Amino acid sequence: MGDVSFDGRVAIVTGAGAGLGKTYAIELAKRGAKVVVNDLGGARDGTGSSASAADQVVEEIKAAGGEAAANYDSVASIEGGKNIVKTAVDNFGTVDIVINNAGILRDKSIVKMVEAEWDLVLAVHLKGAFCVTQPAFSIMKEKGYGRVVNTTSGAGLYGNFGQINYSSAKLGVLGVMHSVHIEGAKYNVKANTIAPIAASRLTEDVMPPDVFAKLDPKFVTPLVLFLASEENQDSDMIFNCAAGWYSRAAMMCATGTIIGDGVKDISVEQVRDEWGKITSLDEAKVLAGGVNDSFGYLTPLMSGGMSTGPNK
Ligand code: NAI
């Protein structure tokens, strides 16, 4: 098999002025993609803005013989998202790939968090993924091709102290993935999500220096590029990745148990008595067909005992 190529492809990488996004933009360009390097250029908490972060990455790509255009809009508004996609269309004629990567942090424990900290973090991570994906998706649908890679976090998938805003936003990003996967299926638009761990300004004060030193963002880049490539035929998947560790994570649904017959009342005591079966993850499955698959579990109640299982 040959190299994974992005010749003729146009990619948007949000938050590509630093950290993980910068590595994606540079590697995509090296492999032939024309890249929109989007970055607001603000501080880690989302304050301020500057053109220099995006400009420097564009210069680096051009100096290496690649093609790139800078965009300085915030991902966090519909107008910003449209401008980012317009930058791709104006400079390179289309968009094939969106990597939703831009991010900030405003950590506080639950009681101390104020409204602005909640709102801005949700706006950048969650609304931002929607705002950039929406205008790109209409182009992808039209042309019958697209690859979207979103960025969640272990904090979103599994939780973390002091990050109720970030955890909630990052979990929400999975909703953006599911929708693009389902609505894009017949147009060859695939969406996947990564949960990276990497050394960057977002993590420099939360990791011990020896751990930080081993978490070069370059170890996340190959997975993101594969997911963004034509060769990738998988969609609606979530991956942990850090320092060379790549593993799939998933939202799953267990078989559980059925109490009653769908007619008679169910008591609190019956739920208590079945608690072991209700909490069991036995035979848990990914519901590949989306929410409709969950109705399969209700079949015994809906059709007088006939069971066809969740993934019919
Ligand atoms: P970083 O701070 O180095 O890079 C993020 C970039 O996004 C910055 O250049 C920043 O200017 C840009 N940005 C921020 N707000 C923006 C906005 N509204 N519009 C456009 N650009 C904006 O951080 P890092 O670590 O590279 O993070 C990349 C993504 O990976 C983020 O979504 C982050 O939440 C996620 N992530 C990172 C982890 C890590 O261990 N570094 C862990 C889990 C998730």
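The structure displayed is predicted, hence computed values, not measured ones. Note that ligands are numbered from 1 as they come in the structure, with each ligand's atoms numbered from 1 the same way. One is the number of the first residue; the rest follow in order along the sequence.
Distance alone, capped at 3.5 Å, places no donor-acceptor pair between the R147 side chain and the D96 backbone. Looking at S235, its side chain does come within 3.5 Å of a backbone N or O of A191 through a donor-acceptor pair.
Shown in contact with Y166 at under 4.0 Å from a heavy atom are these atoms of ligand 1, numbered in order with element: 33 (C), 34 (O), 35 (C), 36 (N), 43 (C), 44 (C). Close approach of ligand 1 to I197 is summarised as follows: ligand atoms under 4.0 Å from at least one heavy atom of the residue are 40 (O). When each atom of ligand 1 is checked for a heavy atom of D73 under 4.0 Å away, the hits are 19 (N), 20 (C). Heavy-atom proximity to S153, at under 4.0 Å, picks out these atoms of ligand 1: 43 (C), 44 (C). Listed by atom number, the atoms of ligand 1 under 4.0 Å from N38 heavy atoms are 20 (C), 21 (N).
Considering only non-hydrogen protein atoms, atom 22 (C) of ligand 1 sits nearest to A102 CB, 3.5 Å. Of the protein's heavy atoms, L202 CD1, 3.6 Å lies nearest to atom 27 (O) of ligand 1. The protein heavy-atom contact nearest to atom 18 (N) of ligand 1 is S74 OG, 3.0 Å. Here the heavy atom of the protein found nearest to atom 26 (O) of ligand 1 is L20 N, 2.8 Å. The single protein non-hydrogen atom nearest to atom 25 (O) of ligand 1 is S200 OG, 2.5 Å, given as residue, atom name and distance. Counting protein heavy atoms only, atom 9 (O) of ligand 1 is closest to D39 OD2, 2.6 Å. Among protein heavy atoms, the minimum distance from atom 6 (C) of ligand 1 is reached at G15 O, 3.5 Å. For atom 4 (O) of ligand 1, the nearest protein heavy atom (residue, atom name, distance) is A18 O, 4.1 Å.
Residue G154 has no nitrogen or oxygen atom sitting less than 3.5 Å from a nitrogen or oxygen atom of ligand 1, judged on distance alone. For ligand 1, the polar-atom distance check against A198 finds a nitrogen or oxygen pair separated by under 3.5 Å.
Summarising the contacts of atom 29 (C) of ligand 1 with T203, V57, N101, the nearest heavy atom is found in N101. Which of R201, K22, M207, H125 comes nearest to atom 1 (P) of ligand 1 through a heavy atom is settled by distance: it is R201. With atom 43 (C) of ligand 1 as the reference point, the heavy atom nearest to it among G19, A199, P196 is part of P196.
By the criterion of a heavy-atom distance under 4.0 Å, the side chain of K170, and not its backbone, is placed next to ligand 1. Contacts between R44 and ligand 1, counted as non-hydrogen atom pairs separated by less than 4.0 Å, are absent for every part of the residue. Only the side chain of I104 comes within 4.0 Å of ligand 1, counting heavy atoms alone; its backbone N, CA, C and O stay farther away. Using a 4.0 Å cut-off between heavy atoms, T152 contacts ligand 1 through its backbone alone, with no side-chain atom that close. If you look at T151 next to ligand 1, the close heavy atoms, those under 4.0 Å, all belong to the side chain. Residue L40 touches ligand 1 through backbone and side chain together, judged by heavy-atom distances below 4.0 Å. Contact annotation for L105 and ligand 1: no heavy atom of the residue comes within less than 4.0 Å of the ligand.
Looking at K277 and E274, a side-chain N of the basic residue comes within less than 4.0 Å of a carboxylate O on the acidic one, giving a salt bridge. Note on D205 versus R44: salt bridge recorded, some NZ/NE/NH1/NH2 to OD/OE distance being below 4.0 Å. A salt bridge links K30 to E27: one of the charged nitrogens lies within less than 4.0 Å of a carboxylate oxygen. A salt bridge is absent between D39 and K22; no separation between the charged side-chain nitrogens and carboxylate oxygens falls under 4.0 Å.
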Carefully, step by step, assess S247 and N240 under the rule side chain to side chain donor-acceptor pair (under 3.5 Å). CA-CA 5 Å; S247 102; N240 300 291; 3.0 Å; yes
Please determine whether side chain to side chain donor-acceptor pair (under 3.5 Å) holds for the pair N83 and Y72, giving the CA-CA distance in whole Å, both sets of side-chain angles, and the decisive distance to 0.1 Å. CA-CA 9 Å; N83 275 335; Y72 319 113; over 6 Å; no
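Residue-ligand proximity: N100 is placed with every non-hydrogen atom at 4.0 Å or more from ligand 1. Not a single heavy atom of G128 sits under 4.0 Å from any atom of ligand 1. The closest approach between G41 and ligand 1 falls below 4.0 Å for a heavy atom of the residue.
Two residues are said to be in side-chain contact when any heavy atoms from C-beta on lie closer than 4.5 Å; I139 and V89 meet this criterion. Using a 4.5 Å cut-off on side-chain heavy atoms (C-beta onward), N165 and R106 make contact. For the pair F161/D107, no side-chain contact is recorded, criterion being any heavy-atom separation below 4.5 Å from C-beta on.
The only member of T47, V124, L40 that meets side-chain contact (heavy atoms from CB on, under 4.5 Å) when paired with I104 is V124. Paired with V35 under the rule side-chain contact (heavy atoms from CB on, under 4.5 Å), one option of I26, V57, V13, I97 passes, and it is V13.
A cation-pi arrangement is found for R9 relative to Y145, the charged atom lying closer than 6.0 Å to the ring centre and inside a 45° cone about the ring normal.
Here the closest heavy-atom approach between residue M1 and residue E231 is recorded as CE-OE1, 3.8 Å. Here the shortest heavy-atom pairing between L301 and G262 reads CD2-N, 3.6 Å.
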